[in-house]
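Okay, structure first, notes after.
Since the structure is predicted, the reported quantities are computational estimates derived from the model, not experimental observations.
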Amino acid sequence: MEIVGALQQQGAAETLGYKDLVEVFKHTLHWDPKVTRRKLKQAAALCPTMTPTGSQVEPVLPGIAAAMAEDALSEDHADVFWPRR
């Protein structure tokens with residue numbers, strides 16, 4: 001999750017010449033786009049981010065992020081805490 005979040009934060013898709021990370025993971029890992037979108041959504045809510053000025057912004061769901069880091073919750077469990085789109 002942290003790797004996906006870091007790649008998203010750093011704009012890795014554009015650096016690698018792709019439209020977005022969905023395309024990167026489809027090409028490199030053969031992930032279904034639906035799986036990738038789910039992971040990107042989770043990373044956005046569960047990983048800290050950095051502002052353009054370098055300040056760290058805590059995750060939207062820090063308790064869930066901590067529980068997942070301790071393997072107390074799975075990705076499936078985490079999906080319950082935000083609405084599907």
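- Counting heavy atoms of neighbouring residues, nucleotides and ligands inside a 6.0 Å radius, atom CG of Leu16 exceeds 12 of them.
- A continuous path of ILVMFWY side-chain contacts below 4.5 Å connects Val60 to Met1, so both sit in one hydrophobic cluster.
- No donor-acceptor distance shorter than 3.5 angstrom exists from the side chain of Gln8 to the backbone of Ala43, with no hydrogens or angles considered.
- Applying the ring-ring contact (aromatic ring centres under 6.0 Å, His included) test to pairs two or more places apart or on separate chains, none has a residue in residues 58-78.
- By the side-chain contact (heavy atoms from CB on, under 4.5 Å) test, Ala13 pairs with Tyr18, Leu21, Val24, sequence neighbours left out.
- Partners of Ala69 under the side-chain contact (heavy atoms from CB on, under 4.5 Å) rule, at least two apart in sequence or in another chain, do not exist in this structure.
- For CD of Glu2, the number of neighbouring non-hydrogen atoms (other residues, nucleotides, ligands) closer than 6.0 Å is 12 at most.
- Residue Ala65 comes nearest to Leu46 through the heavy atom pair CB-O, 3.2 Å, listed as atom of the first residue, atom of the second, then distance.
- Between Asp20 and Lys26 no salt bridge is recorded (no basic side-chain N to carboxylate O distance below 4.0 Å).
- Remark: Ser55 engages no residue in a side-chain hydrogen bond (donor to acceptor under 3.5 Å, both in side chains) (not counting sequence neighbours).
- Partners of Pro48 according to the side-chain contact (heavy atoms from CB on, under 4.5 Å) rule, which considers only residues two or more places apart in sequence or in another chain, are Gln56, Pro59.
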(request) Determine, step by step, whether Trp31 and Lys39 satisfy the side chain to side chain contact (heavy atoms under 4.5 Å, CB included) criterion, reporting the C-alpha distance in whole Å, the side-chain angles of both residues, the deciding distance to 0.1 Å, and the verdict. (result) CA-CA 11 Å; Trp31 282 357; Lys39 289 185 181 295; 3.4 Å; yes

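- For Thr28, there are no side-chain hydrogen bond (donor to acceptor under 3.5 Å, both in side chains) partners two or more places apart in sequence or in a different chain.
- Note that the CG atom of Leu29 and the NE2 atom of His27 stand 10.5 Å from one another [nearest 0.5 Å].
- Criterion: ILVMFWY side-chain heavy atoms under 4.5 Å apart, direct or through other members. Under it, Met50 and Leu7 are not part of a common hydrophobic cluster.
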(request) Take Gln42 and Leu61, measure what side chain to side chain contact (heavy atoms under 4.5 Å, CB included) needs, and give me the verdict at the end. (result) CA-CA 10 Å; Gln42 287 180 339; Leu61 301 171; over 6 Å; no

